[in-house]
**Student:** 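The structure is given below, and queries will be raised subsequently.
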Amino acid sequence: MLPARVDRSVLLSALRARRLDRTLTSALPGIDPHDEQAVGLTGLPALDARLGGGLPRGQLSEVVGPRSSGRTSLLLQIVATATTRGDLVAVVDALDMLDVASAAAAGVDLAKLLWIRGHVVTSPGLCRDLNQRAMEQAVKALGLVLQAGNFGLVVLDLGDAPTDAVRRLPFTTWLRLQRMVEGTQTICVLAGSESMSRSSAGLSIKLQPSLDVAAGAKSATDAAADLQVRRSARFVGQLLDGLDVDARVTRARVQASDTVALPFSTKVARHV
Amino acid sequence: MSESLFACLYQPPLPGAGMAGSEDPAPRTVVRGVGSVVRGVGSLDPTIPAVAASHTRNPLVAIAAEFSPRYEQHRADLVSVDVRGLSRLFGSPRAIGAEMRREAASRGVRVHTAIAPTRMAALVLAIARPGLTVVPPAGAADALASIPIGVLEQLHEDPQPGCGSATQVRLRADEAQAAIAALKRWGLKTLGELATLPSADLSARLGRGGRVWQAVARGEDTRPLVPMQPEERFEGRLELEWPIDAAEPLSFVLTRLLEPLSTRLERRDRGAAVLHVELGLVTRDVHACRLELPTPLRDVRALRTLALLDFESHPPAAAIDTVTIIIEPTPGRILQHALFARPHPTPEQLSTLLARLGALMGQDRIGAPALVDSYRPGAFTMAPFAIEQPPASSSNPPASNHQSPTAVLRRCRQPVPARVAMDAVHRPLRVTTDRRGFAGGAVLSCAGPWRTSGAWWEDDHRSQNLEGRSQNLKRLPDEKRREDGPWSRDEWDVALADGAVYRVFRDRVTDGWFIDGVID
């Protein structure tokens, strides 16, 4: 029984301890980074340390970033690690852009991957209706997979989808998905160009290319020379290794203690 | 309680012919390969009546079933029957045997009949002696003593799936030949000589098989009789008083039909391998679907959901007035799940999920990706998704991948037409496209070209000259050409001013430029 006049922090602590309602508190109790039932490794030790063990199970997470920011590379790394540890993985590929050879090169066990391919948008100009239908179908497919349960990792890839098509999805969509995944052992990851689930996401990793080609700091010749050196082995595996990427954990409800820099990151900022 | 009494019927091979009655004694239900829901409209699959009709009984089985429900078919030509208690109907054991021979004769079958207090003695005597042989109680060993030891070679039993268990001793032909060869080398000629050998020494020399063969020679049963059960048809039919044309009322009908079938399947330890749903329409047409299940199921909800999903995906042309369900059964599976392995979806969940996803996205849009043996850019194939592969043990953590993540390609399944301006040394200067979402811009850096080509030998126009072929193929690369046709292209990786790195290629046949994907 709480006293009649209690401090707000005391009340919040009590709520957290009893987990009365998660809507009243955005922070979840601390997660044991060594508990395989609570987190799933991403395959990048530094990132796992930064995230407090890995991606939290039973929560919606996001990997967002513009094109060539490394989001798909990170995503496939997460998928490869999940299939390696025996998890079943479902990838809802809204725009059917997964390159199977790249996935195999990243180490994904393709036999454990349920690939759900969205319908390709064919018309020039990206017809809005087609895109919207593809988005809605992808979200429905994600809901079906989450309902079935017992998938270790479920990915919704909305990268390269028009931003307005994603924004037109009802906001309650993400709340519903968060509720569906809560209490399960499933890691649910959304991938897109920009943050979409907002407060529903338990963890958001924002990637951004920091190679200064856009700003024109390097001359085209120098950049081309750098790329030629990096691409001496062609695309498979090594093309963009060394391309600086900013990885920012913009939201994390889990407690993290380490401050190890990501191997592919030059800047890491964390906002809880 | 009366003493045990067994009869054995043996159909000897006809002179100058092969083994009589050598047809496959029991039809075996085979689980079809893991696959998606297969559907067909029209009449039921012709294998269904074939499966039902294949239960035409072996004549020996039919004779045995006339006398007792407790019978076992060892081979197509060898059946044993538990005739204990039949003396009240037929009289003495000799009368029972005579009645059996009379029944066989009425069916046109020539049989050897033996009646003995043990099943094994009856088996051996039926094989070894023609006519009717009756052994008094406690006289089995004496009756067998004079039989040549070569009879053991004829005593093998066919494996019977679903009958008996792996722990029960079944007499195998290969083991019999090896053991009998050894016994003959020792100078043994009759079963009586084998029966009198010291059991321990025999076991030391021939192993467990030696004890089994000695038990046979003594007329002792090595295992109890395992009664055969006739294959059961799992079929239900309901004629409706009013036609229905919606999924909801159909779901109630399906539930009513499936529940008793599921109960019967559970009693027989069977699962549904294939579910046939036959809908009789008011137009007197038949709308049938055949659902091949990835794993044996008998859960009513799962089966009903699968049938309804197919119904919603492929609705019939008219209202329904009769519903028939036929289940092809298969033996149930016993799975021992690992204690520490991560749980996977159950077969019911996975079947339902794949059916739902197939209805939503299309059957060809779901599955497990697989690489193909081809250099064609972006080549892949889709395989059925299954969870049969054993999961990795959590006690063996995966080798951590300490290398940096490698950049991967996001491939445009249909290449985006683009315009590329080249400089004096034939390097891309600027990439533009009309496709919304691809800004394009000046090329800040580039790498390439990498030339790749293939399948030129499959070109249908190879007989034409190069000029004519080029004219024929000068069009946008359509789906067919991308998947099967020849390709010849120069690829470039270009970093544009919008901050993205693209893979573009020039089709050397059409001389057009396309964006193949985004390196991400």
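In this text the structure is predicted, and so the values were computed from the model without any measurement.
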**Student:** Within this structure, what is the CE-CG distance for the pair A/Met97 and B/Leu409, rounded to the nearest 0.5 Å?
**Tutor:**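 Answer rounded to 0.5 Å: 8.0 Å.
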**Student:** Are the side chains of A/Gln137 and B/Met361 in touch, meaning some heavy atoms are under 4.5 Å apart?
**Tutor:** yes
**Student:** Would you check, one step at a time, whether the test side-chain contact (heavy atoms from CB on, under 4.5 Å) holds for A/Leu98 with B/Arg411?
**Tutor:** CA-CA 6 Å; A/Leu98 175 69; B/Arg411 187 174 292 278; over 6 Å; no
**Student:** Would a 4.5 Å heavy-atom cut-off, applied to side chains only, mark A/Gln147 and B/Arg356 as touching?
**Tutor:** no
**Student:** Could you grab the distance from atom CG of B/Asp498 to atom OG of A/Ser68, nearest 0.5 Å is fine?
**Tutor:**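 Reported value, rounded in 0.5 Å steps: 8.0 Å.
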**Student:** With a 4.5 Å heavy-atom cut-off, do A/Leu114 and B/Leu357 have their side chains touching?
**Tutor:**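 They are in side-chain contact.
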**Student:** For the backbone of B/Arg413 and the side chain of A/Asp96, can you confirm whether one donor and one acceptor N or O come within less than 3.5 Å of each other?
**Tutor:** no
**Student:** So which of B/Leu371, B/Asp364, B/Val518 has the biggest tally of heavy-atom pairs under 4.5 Å with chain A?
**Tutor:**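 Result: the option with the highest number of such pairs is B/Leu371.
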**Student:** Using a cut-off of under 4.5 Å on heavy-atom pairs, state which of A/Val108, A/Asp157, A/Leu75 scores highest against chain B.
**Tutor:** A/Asp157
**Student:** How close do B/Phe385 and A/Ala111 get, counting heavy atoms only, and between which atoms?
**Tutor:**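 Taking every non-hydrogen atom into account, CE1-O, 3.8 Å.
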**Student:** Flag the pair A/Trp115 / B/Arg365 as yes when at least one side-chain heavy-atom distance between them is below 4.5 Å, and no otherwise.
**Tutor:** no
**Student:** Most heavy-atom pairs under 4.5 angstrom with chain A, which of B/Ala368, B/Ala500, B/Ala442, B/Pro369?
**Tutor:**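 The residue among B/Ala368, B/Ala500, B/Ala442, B/Pro369 with the greatest pair count is B/Pro369.
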**Student:** Using non-hydrogen atoms only, which part of B/Ala383 is less than 4.5 Å away from chain A: side chain, backbone, both, or neither?
**Tutor:** neither
**Student:** Please identify, among A/Ala80, A/Gly152, A/Ala148, A/Ala138, the residue contributing the most non-hydrogen atom pairs under 4.5 Å to chain B.
**Tutor:** A/Ala148
**Student:** Using a 6.0 Å cut-off, check whether atom CZ of B/Arg301 has over 12 heavy atoms from anything other than its own residue.
**Tutor:**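 Not buried by this count: 12 neighbours or fewer within 6.0 Å.
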**Student:** Checking B/Leu360 against chain A: side chain, backbone, both or neither under 4.5 Å from a heavy atom?
**Tutor:**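 Both backbone and side chain.
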**Student:** Which atoms of A/Val145 are under 4.5 Å from chain B, going by heavy atoms: the side chain, the backbone, both sets, or neither?
**Tutor:** both
**Student:** I need the single residue from A/Asp160, A/Asp99, A/Asp93 that forms a side-chain hydrogen bond (donor to acceptor under 3.5 Å, both in side chains) with B/Arg410. Which is it?
**Tutor:** A/Asp160
**Student:** Looking at CD1 of A/Ile116 and CG of B/Leu353, how far apart are the two atoms once the value is rounded to the nearest 0.5 Å?
**Tutor:** 6.5 Å
